[in-house]
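What follows is a set of notes on a single structure, which appears directly below.
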Protein chains: 2
Amino acid sequence: MPQYEHVEKVRLLVVDDDPPIADLVATVARYEGWDAVTANSGEEALRQAAEFHPDIVVLDLMLPGLDGFGVLDRLRQSGTMVPVVFLTARDGVADRVAGLTRGGDDYLVKPFAVEELMARLRTVLRRSSGPGFQRSVLQVADLTMDEDTREVRRGEKLLTLTPTEYEVLRYLMRKSPTVLTKAQILDHVWEYGFGGRSNVVELVVSRLRRKLDDSGEPLIHTVRGFGYVLRQAAE
Amino acid sequence: MPQYEHVEKVRLLVVDDDPPIADLVATVARYEGWDAVTANSGEEALRQAAEFHPDIVVLDLMLPGLDGFGVLDRLRQSGTMVPVVFLTARDGVADRVAGLTRGGDDYLVKPFAVEELMARLRTVLRRSSGPGFQRSVLQVADLTMDEDTREVRRGEKLLTLTPTEYEVLRYLMRKSPTVLTKAQILDHVWEYGFGGRSNVVELVVSRLRRKLDDSGEPLIHTVRGFGYVLRQAAE
DNA sequence: AGTTGACCGACAGCAAAACGACAGCGCCGT
DNA sequence: ACGGCGCTGTCGTTTTGCTGTCGGTCAACT
């Protein structure tokens, strides 16, 4: 079931001065089976990095005192090549971030969706773990999703999905054949702090169905009173 | 038989300003062999959390004084990652609930059914107790129920159950081979405060029988004048 | 054979889900 | 800076199918 396999648990360090955010990320990561620790300041981050030896770091750029850039410099000075995914405010330092993402690192704008962050983390890990990294292709029945090229196919047929549709489908595919509630989908795929009603989930599912269930048997099933599943219909 | 196994008893803190509700939940939990304490205000909840060190918390969001969100914040600030299942009024704070299932927590709308609550608690515990959590599959004779995929099978044959049927069957399976009275089933599977003390249970059992006893020997047996059991017929 | 409890078909009310239509917004190209 | 287009989410309507009530029939125990 898991797409990315480590022999050992992935070790994640989350650095954000807003404890709820740091905990949120750490919690979600632990649910994926990772080891996660948090730091709420740049200084603490350096301490944790030295002790914990993370495989990957989520680093907020906007930190009081020693900021994200500072943390990054010090990390690199100490010789560690640990990959980093940056977090930045929307209108923050977007241009300066661009230069940071060369080494296989990545960045995300706040507020983000947790599934999006986890996907980026998995991608960065995959790319940075040795040279011969392989593609990540999700598959459920005759539906495939290539996370590198963002190509989605039902059988041979190429589907054109909007960003939201893509994210919802990825979540459904990743969790398949587990049944997900609308609240779970909403909470994982939409940005934290999104106020909208779970009605949007129905809508996106409806649009997804039109695109992918058009050709062939339905793959997205409604579990009335509970939620949705993506799976091949069992007999 | 139990899906989630603690070496020690599960420690549950129930927070609700309505004492009957809090006691109801605590009582059911104790009946399952858990340790349970109650708190009727946010302040008391924090005190209890500090003293009792629960493994999981049931937290009503609508509390006088320090409300559920406040309690949650304080809990998290104090560094405890204890998982929480929230209770909310139907048209109350349903919108503000967005984001709560993201960290692995869950929520339930009042009035709820006790078995539903217990099931959610077990799920959350299972998922948050370390990595590599396994599926929860109930089995009685050749009848299986996967609580993640909600797939129910009699032998190979896949059954399609409505939500109520599913809940009644889960309760029967979980308690098998104990005989349950209709009142017990009604009290556990239907929302507390459900008015119709009619023959709904008979009806649902009847519908269940048609779906699952159709193929093979009957598994649901009537104990006339008392109730129902789910078990393989004893010769 | 009578009495009581259980079973279950039929129906109606209702809640959840599907979806069409529209409006706001951001993004992009010019 | 402006205009256009496509994406997203809201609203409201339609559709679906679950749920519980009623009441007649059946089975079991006395």
Side-chain angles (χ1 to χ4, degrees), chain A residues 90-91 94 109 111 113 116 150 152 159-169 172 179-187 189-191 193-214 218-230, chain B residues 90-91 94-95 98 109-113 116 150 152 159-169 172 179-187 189-191 193-214 218-230:
Chain A
R90 185 161 298 279
D91 294 315
V109 171
E116 168 103 39
R150 291 182 72 96
V152 179
L159 307 179
T160 312
L161 303 184
T162 68
T164 310
E165 287 161 6
Y166 181 88
E167 290 295 329
V168 171
L169 183 60
L172 284 168
V179 182
L180 302 169
T181 67
K182 281 182 264 186
Q184 282 178 311
I185 298 173
L186 194 62
D187 286 349
V189 172
W190 270 260
E191 301 167 351
F194 175 73
R197 297 220 187 76
S198 59
N199 199 327
V200 285
V201 178
E202 290 176 14
L203 187 56
V204 175
V205 166
S206 158
R207 285 169 178 159
L208 266 175
R209 274 179 171 149
R210 205 173 319 157
K211 289 183 179 177
L212 64 90
D213 285 351
D214 234 20
L219 287 183
I220 302 182
H221 307 279
T222 301
V223 180
R224 189 164 244 263
F226 197 88
Y228 298 100
V229 215
L230 180 80
Chain B
R90 184 163 296 281
D91 292 316
D95 43 344
V109 171
K110 280 187 174 185
F112 54 87
E116 169 104 38
R150 291 179 74 95
V152 179
L159 309 179
T160 312
L161 303 184
T162 68
T164 310
E165 287 161 7
Y166 181 88
E167 290 295 329
V168 171
L169 182 60
L172 285 168
V179 182
L180 302 168
T181 67
K182 280 183 262 186
Q184 280 178 310
I185 298 174
L186 197 60
D187 287 347
V189 172
W190 270 260
E191 301 168 350
F194 175 71
R197 47 171 168 53
S198 52
N199 57 354
V200 272
V201 178
E202 290 176 13
L203 186 56
V204 174
V205 167
S206 155
R207 286 171 178 158
L208 267 175
R209 274 178 170 150
R210 201 175 323 154
K211 289 183 180 178
L212 64 90
D213 285 351
D214 231 21
L219 288 182
I220 303 181
H221 307 280
T222 302
V223 179
R224 196 180 170 81
F226 195 84
Y228 299 98
V229 215
L230 181 80

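All chains are named by letter (A, B, ...) in the order of the sequence lines, taking the proteins before the strands, and each is independently numbered beginning at 1.
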Between [X] ([atom1]) and [N] ([atom2]), how many Å, whole number?
X	N	atom1	atom2	value
A:E165	C:dC19	CD	P	14 Å
A:K211	D:dT8	NZ	P	8 Å
B:I185	D:dG20	CD1	P	14 Å
B:I220	C:dC8	CD1	C1'	14 Å

Output yes when at least one side-chain N/O atom of [X] is less than 4.0 Å from OP1 or OP2 of [N], else no.
X	N	value
A:T222	C:dA16	no
B:T162	D:dT19	yes
A:W190	D:dG9	yes
A:R209	C:dA18	yes
A:K182	C:dA17	yes

* To do: Would you state whether a donor and an acceptor, one from the side chain of B:N199 and one from the base of C:dG5, lie under 3.5 Å apart?
  =>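 Checked by distance alone, the answer is no.
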* Check if the side chain of A:R224 and the base of C:dA17 share a donor-acceptor pair of N or O atoms closer than 3.5 Å. => no
* State whether the side chain of B:K182 and the backbone N or O of B:N199 hold a donor-acceptor pair below 3.5 Å, judged by distance alone. => no
* To do: Classify the nucleic acid contact of A:R207 as base, sugar-phosphate or nothing, counting any heavy atom under 4.0 Å across all strands shown.
  =>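 The residue A:R207 makes base contact.
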* Just checking A:Y228: base, sugar-phosphate only, or nothing, at a heavy-atom cut-off of under 4.0 Å? -> sugar-phosphate
* To do: Could you check if a side-chain atom of B:K211 sits within less than 4.5 angstrom of a side-chain atom of B:T162, using non-hydrogen atoms only?
  =>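 Side-chain contact under 4.5 Å: yes.
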* To do: Quick one: closest heavy-atom pair of B:D213 and B:L219, and the distance?
  =>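 Taking B:D213 first and B:L219 second, the nearest heavy atoms are OD1-N, 3.0 Å.
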* Asked: For DNA chain C, whose closest nucleotide is more 5', that of A:G227 or that of B:F226?
  -> B:F226
* Looking at the side chain of B:E202, which of D:dG20, C:dC7, D:dT10 is the nearest nucleotide? -> C:dC7
* **Nearest-nucleotide pick for B:S206, side chain only, options being D:dC7, D:dC11, C:dC8** => C:dC8
* Structure fact -> To the nearest 0.5 Å, atom OH of A:Y228 lies from atom OG1 of A:T181 at 11.0 Å
* Asked: Using 4.0 Å as the upper bound for N to carboxylate O, is an ion pair formed by B:R207 and B:E165?
  -> no
